[in-house]
Amino acid sequence: GAGVSQSPRYKVAKRGQDVALRCDPISGHVSLFWYQQALGQGPEFLTYFQNEAQLDKSGLPSDRFFAERPEGSVSTLKIQRTQQEDSAVYLCASSLRLGGTQYFGPGTRLLVL
Amino acid sequence: TQLLEQSPQFLSIQEGENLTVYCNSSSVFSSLQWYRQEPGEGPVLLVTVVTGGEVKKLKRLTFQFGDARKDSSLHITAAQPGDTGLYLCAGDPHSQGGSEKLVFGKGTKLTVNP
């Protein structure tokens with residue numbers, strides 16, 4: 001069966017550009033999570049959804065970061081006016097239910113020049 | 001402040017050697033998880049430990065959860081080059097069970113040389 005997929009896998013942006021990162025969770029998975037992983041670090045929580053409801057966005061580093069999951073399936077993480085410090089791997093994970101095992105996608109590697 | 005401290009940060013060993021990596025915290029966790037991450041991929045769950053003092057074995061990997069549920073260790077016996085990767089511990093200190101949003105350690109980057 002298909003796992004979590006993310007696109008694009010790599011994104012190079014000029015400072016100040018807006019970017020949109022897509023996550024396709026495993027079909028039927030209710031919970032969806034976004035994490036940011038800087039080079040040499042472990043992933044850090046950004047936000048999570050249960051179906052279409054964004055239950056926690058406490059990890060979003062600034063108001064330039066916005067996530068949505070309008071139909072409770074695909075999710076998009078948008079970063080406006082990208083800065084160099086936004087360069088990282090953005091990981092998406094989904095789980096069948098809240099509290100269940102999280103399955104991670106391969107990540108989108110974002111490089112802001 | 002890092003909620004989960006992992007050590008060592010880097011480890012390079014020869015095939016056949018044994019090794020232990022540690023995950024420590026000042027907070028109590030209802031459960032801790034160990035993940036392995038390879039370059040260009042997302043973390044893959046290896047095991048979840050839930051009960052204080054619990055020991056779980058997965059082939060050559062042995063996982064232990066501390067009695068106070070504040071620390072965990074991963075021991076690999078007779079390491080092989082295929083064990084190379086980034087080992088991450090993670091948990092949610094606020095949940096009653098299972099994982100919601102996870103807090104990760106910085107990871108231990110293991111290299112096993114043939």
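Per chain, numbering begins at 1; letters A, B, ... match sequence-line order.
Contact annotation for A/Ser31: neither backbone nor side-chain heavy atoms come within less than 4.5 Å of a heavy atom of chain B. Using a 4.5 Å cut-off between heavy atoms, A/Gln37 contacts chain B through its side chain alone, with no backbone atom that close. Proximity to chain A (any heavy atom under 4.5 Å) is shown, for B/Glu38, by neither the backbone nor the side chain.
The aromatic rings of A/Tyr35 and A/Phe45 sit perpendicular, their planes meeting at an angle over 60°, well past the 30° parallel limit.
Side-chain polar atoms of B/Asn113 and B/Ser12 form a donor-acceptor pair below 3.5 angstrom.
Each of B/Asp83, B/Thr108, B/Leu110, B/Leu74 was compared with B/Leu19 under the side chain to side chain contact (heavy atoms under 4.5 Å, CB included) criterion, and only B/Leu110 meets it. Of the listed residues (A/Tyr103, A/Phe104, A/Tyr48), just one forms a ring pair (Phe, Tyr, Trp, His ring centres under 6.0 Å) with A/Phe33, and that residue is A/Tyr48.
Heavy-atom pairs under 4.5 Å with chain B peak, among A/Gly40, A/Pro43, A/Gly105, A/Gly107, at A/Pro43.
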